[in-house]
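Source: prediction; values computed, not measured. Position 1 is the first residue of the sequence; numbering continues from there.
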Amino acid sequence: MNKKQNDLLQYLIKKKDVATSNEISTAIGVSVRSVKNYVNEINNMYTNKVILSSRNGYQINPHFSLSLFADYSVEVPQTNEERSFYIIKQLLLAQQQDMDLFELSDFLCISYSTVK
């Protein structure tokens, strides 16, 4: 799970109510389309839907165990060696077909051109 997906989950957990995609996108700093993609990706990671959607917006499924996310923390690699290892690990072990270099550079706090 990437940092923005985690941010989305944490926002919905704290919200404890229905939140619109516009509201979420503003809160976590992504586009409305990205919010919809993240919701879909998160729900595809598990057999039961983690995030419920309706006309009114999104909310955490009350029947889903939030304990899975309680201790989830993201540690950003700090040194060049750690960043290189992280990038190689993402390339080799990631379950994704395509790696989003913009998200990767954002997570690592380095420029897109440096990652590229």
Side-chain angles (χ1 to χ4, degrees):
M1 185 176 312
N2 69 35
K3 182 181 181 321
K4 292 295 183 180
Q5 291 170 334
N6 184 51
D7 292 346
L8 185 146
L9 280 172
Q10 295 303 322
Y11 179 79
L12 289 175
I13 289 168
K14 290 176 186 171
K15 178 83 172 164
K16 296 181 183 177
D17 196 15
V18 176
T20 65
S21 54
N22 285 331
E23 196 178 322
I24 297 167
S25 69
T26 302
I28 66 172
V30 296
S31 69
V32 171
R33 184 177 178 131
S34 292
V35 169
K36 293 176 183 181
N37 288 336
Y38 293 153
V39 168
N40 186 38
E41 291 166 3
I42 291 167
N43 282 336
N44 286 334
M45 288 181 197
Y46 302 94
T47 54
N48 296 326
K49 284 190 173 185
V50 177
I51 301 172
L52 302 176
S53 61
S54 69
R55 260 187 242 179
N56 300 327
Y58 299 103
Q59 71 182 56
I60 294 291
N61 185 344
H63 303 294
F64 195 81
S65 174
L66 297 179
S67 62
L68 292 175
F69 308 111
D71 295 325
Y72 183 78
S73 63
V74 177
E75 292 190 28
V76 179
Q78 297 298 314
T79 66
N80 287 338
E81 185 177 290
E82 289 173 348
R83 287 180 181 144
S84 299
F85 178 75
Y86 181 83
I87 291 170
I88 292 168
K89 182 178 168 186
Q90 290 299 309
L91 286 170
L92 295 176
L93 302 177
Q95 300 277 331
Q96 308 170 32
Q97 292 281 336
D98 298 320
M99 180 180 283
D100 188 345
L101 293 182
F102 290 108
E103 283 187 16
L104 182 63
S105 63
D106 185 43
F107 174 75
L108 294 173
C109 303
I110 56 178
S111 71
Y112 171 76
S113 61
T114 301
V115 172
K116 194 173 175 185

Practice prompt. Would you give the length of the straight line joining atom CD of Q59 to atom CG of D17, rounded to the nearest 0.5 angstrom?
Written response: 7.0 Å

Discussion item. Suppose we screen for side chain to side chain donor-acceptor pair (under 3.5 Å). Which residues come up paired with S54, at least two apart in sequence or across chains?
Written reply: none

Discussion item. Restricting to salt bridge (charged side-chain N to carboxylate O under 4.0 Å, His left out), what partner residues turn up for E82, sequence neighbours left out?
Written reply: none

Fill in: Residues that K49 engages under salt bridge (charged side-chain N to carboxylate O under 4.0 Å, His left out), provided they are two or more places apart
none

Item to complete: Indicate yes or no for a side-chain donor-acceptor contact from N61 to the backbone of I51 under 3.5 Å, with no hydrogens or angles considered.
Response: no

Practice prompt. Answer yes or no: is there a donor N or O on one side and an acceptor on the other, between the side chain of N40 and the main chain of K36, under 3.5 Å?
Written response: no

Discussion item. Is it the case that over 12 heavy atoms from other parts of the model lie below 6.0 angstrom from the CG atom of N44?
Written reply: yes

Worksheet item: Looking only at heavy atoms, which two atoms of T20 and N56 are closest? And how far apart?
Response: CG2-O, 3.6 Å

Fill in: Between CG on residue D7 and OH on residue Y38, distance to nearest 0.5 Å
9.0 Å

Discussion item. Starting from I42, can I reach V30 by hopping between I/L/V/M/F/W/Y residues whose side chains sit under 4.5 Å apart?
Written reply: yes

Worksheet item: What heavy-atom pair brings S21 and V32 nearest, and what distance separates the two atoms?
Response: OG-CG1, 3.4 Å

Item to complete: Working to the nearest 0.5 Å, report the span between CG of L8 and CD1 of I13.
Response: 9.5 Å

Discussion item. Nearest 0.5 angstrom please: I60 CD1 to Q10 CD, how far?
Written reply: 8.5 Å

Worksheet item: Short question: side chain of K4, backbone of I28 - any donor-acceptor pair under 3.5 Å?
Response: yes

Practice prompt. For L52 and P62, work out which heavy atoms get closest and say how close.
Written response: CD1-CD, 4.0 Å

Worksheet item: Between L12 and Y58, which heavy-atom pair has the shortest distance, and what is it?
Response: CD2-O, 3.7 Å

